[in-house]
> 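Please read through the structure below; I'll follow up with questions.
Computed over heavy atoms, backbone and side chain alike; hydrogens, waters and symmetry mates excluded. Ligands are counted one by one from 1 in listed order, and the atoms in each one are counted from 1 as well.
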Amino acid sequence: MASAMNHSADAASQPVHFTWPARYSDLPKEVFHRSDIYRLELERIFYGPEWHPVAHAAELPNPGDFKTFQIAETPILILRGDDDRVRVFVNSCTHRGTQIETRSRGHAVEFECPYHRWLFNNRGELMACPGRERFPAEFNKQDYGLRELRSDQFKGLIFATMGRDALDLDSYLGGAKPYLATILGGDGRLKLLGYQKTSFATNWKEYNDNEGYHAPLLHRAFRLLRWQGGTGTFFVTERGHMAMEAELRDSANSEFLNDPSIVEFKDRRVEPRSTITALFPMTVIVKHCDVINVRFGFPRSPAEVEIHYAYFSHQDDDEAMLRHRLRQSSNLLGPSGLISLEDGAVFNRLHRGDAAPGTVSYQKGVLSYDEPPAYAFQQNDEAGNLRKWEYYIKIMGFTRAAPGRSA
Ligand code: FES
Ligand SMILES: [Fe+2]
């Protein structure tokens, strides 16, 4: 079992001394439960140099539109200003820190903090503050605009980072970009259909370890898509992003469904297959059949994640195609989706089981226990996650035990 020398609650700014098991296929269960490791993940991953998808431009199409979200426990406010520019702010008043906006989406010309009524415009600038005649002479309104995060877009998908040293977004996404572009309709000209929002009682890494091996085994209805025999492939980038093109087969003549149109591929502009990207640390973006789905997510604690399944159509869809996507989105994928509803239950069972001491192992697609995992895999493999774990170990600063020794 892995050993730890630093269990203190205030360990966030200190390295957590932690030895990883020697085998490349093994994970220590305690990383799913320890609060000191979670605090270090916030610092090194969520508030570090990773980019996080926080919205798609289709969710705030007009000047003045906004969305609230979180990067881990930090509330953020994504605003399209009256100058049509999208900015991402920390959703916290620059006076004493009150959360500025609590609605999940909306439209506003200005934002008034309820505590002392400081007023911000939709570019994040401080416009007015009551009682200013008693403020120090040095006070300058321009110094107290909402704290803006660095942000950028790829095909309308809006990313933000809290890290000072983040790479440019293009380099960060690397080889995942063409897959992401395919999912986002090629050009990113999407229209929001709606959301399903849920939370899972699990660690964010347990949520994120969902892979192709389990798909038709846990999810019985997934067999409708004949995934198990699929010859698709996937790869994982150096930074832990996974990109996949999975082979699915049209199940229009399925004997299981009275109305097989729910798993039909109607958009013949694209091949009938599934394209998936799982961006490190925890955003899954997929096109399954005709469903275009971004799963915006964040951890609430070591034992809970919140996931917002956002569903989109393409702006060029006719009415029939839009209705098909809407119907397929709400029935196929999500917390109550035909092919995905069992995930929530298994995530929690995984989290409970991982409370026991010891390690867990990966097998399917693993070439050797003693060699670093490959970068390319088959669609039903689970070993791709190990490449992502290698990136995690590196940025967390953990070291692996010498071969032949337990950690
Ligand atoms: S905390 Fe916002 S105005 Fe005082
Ligand atoms: Fe699943």
Side-chain angles (χ1 to χ4, degrees), residues 68 75 77 89-102 108 110-121 124-136 139-141 143-147 196 198-228 230 232 234 242 244 246 248 263 274 276-278 282-289 291 293 295 297 305 307 309 331-351 362 364 379-382 384-385 388:
T68 58
L77 176 60
F89 298 102
V90 176
N91 187 4
S92 171
C93 180
T94 46
H95 176 219
R96 296 258 300 281
T98 306
Q99 190 178 343
I100 292 285
E101 179 58 62
T102 55
E110 54 196 20
F111 297 83
E112 187 184 62
C113 177
Y115 205 177
H116 313 91
R117 304 209 176 271
W118 283 25
L119 190 69
F120 301 87
N121 67 17
E125 296 160 333
L126 177 61
M127 304 305 290
C129 27
R132 191 180 163 180
E133 62 283 358
R134 295 274 302 141
F135 288 16
F139 175 80
N140 183 347
K141 269 196 310 197
D143 297 338
Y144 290 87
L146 294 177
R147 184 187 154 204
Q196 295 190 64
T198 191
S199 64
F200 296 121
T202 198
N203 183 269
W204 68 271
K205 303 182 294 304
E206 289 159 328
Y207 160 78
N208 202 35
D209 259 356
N210 222 216
E211 27 55 33
Y213 182 19
H214 86 287
L217 301 170
L218 170 68
H219 307 298
R220 299 190 71 175
F222 212 103
R223 292 179 205 162
L224 293 169
L225 301 172
R226 305 181 199 184
W227 175 276
Q228 195 69 284
F234 71 98
M242 188 273 280
M244 168 186 261
L248 303 179
V263 289
S274 160
I276 303 172
T277 58
M282 62 174 296
T283 311
V284 180
I285 302 159
V286 303
K287 185 181 170 300
H288 261 317
C289 300
V291 179
N293 174 223
R295 299 173 201 171
V305 291
I307 307 296
Y309 292 75
N331 282 285
L332 202 66
L333 275 180
S336 55
L338 189 62
I339 63 166
S340 57
L341 59 84
E342 297 88 350
D343 276 329
V346 100
F347 291 152
N348 182 243
R349 285 173 68 158
L350 195 54
H351 191 63
Y362 279 72
K364 195 151 191 260
Q379 93 176 33
N380 298 312
D381 288 345
E382 61 178 340
N385 289 8
K388 184 186 63 194

> Rounded to the nearest 0.5 Å, how far does CD1 of I339 lie from SG of C289?
6.5 Å

> From the Fe ion (ligand 2) out to just under 2.8 Å, does an N/O/S atom of N210 turn up?
yes

> Run the ring-ring contact (aromatic ring centres under 6.0 Å, His included) check on Y207 and F347 step by step: do they pass?
CA-CA 6 Å; Y207 160 78; F347 291 152; 5.6 Å; yes

> Going by heavy atoms in the side chains, are D209 and K388 under 4.5 Å from each other?
yes

> Output yes if E342 passes the N/O/S-under-2.8 Å test against the Fe ion (ligand 2); output no otherwise.
no

> Is it the case that the side chains of Y213 and N385 hold a donor-acceptor pair, with the cut-off being a distance below 3.5 Å and no angle test?
no

> Nearest 0.5 Å, what's the OG1-CZ distance between T198 and R295?
12.0 Å

> Just to confirm my numbers, could you give the angle made at the Fe ion (ligand 2) by NE2 of H219 and OD2 of D343, rounded to 10°?
90°

> Rounded to the nearest 0.5 Å, what separates atom CG in N91 from atom CD in Q99?
4.5 Å

> Looking only at N, O or S atoms, which one in H95 sits nearest to atom 4 (Fe) of ligand 1?
ND1

> Which of the atoms in ligand 1, numbered in the order shown and given with their element, are less than 4.0 Å from a heavy-atom of C93?
1 (S), 2 (Fe), 3 (S)

> With heavy-atom distances below 4.0 Å as the criterion, list the atoms of ligand 1 near R96.
1 (S)

> Report the nearest protein non-hydrogen atom to atom 4 (Fe) of ligand 1: residue, atom name, distance rounded to 0.1 Å.
H116 ND1, 2.0 Å

> List ligand 1 atoms under 4.0 Å from W118, heavy atoms only on the residue side.
3 (S)

> Is any N, O or S atom of C113 under 2.8 Å away from atom 4 (Fe) of ligand 1?
no

> Determine whether the aromatic ring centres of residues F222 and H288 are separated by less than 6.0 angstrom.
yes

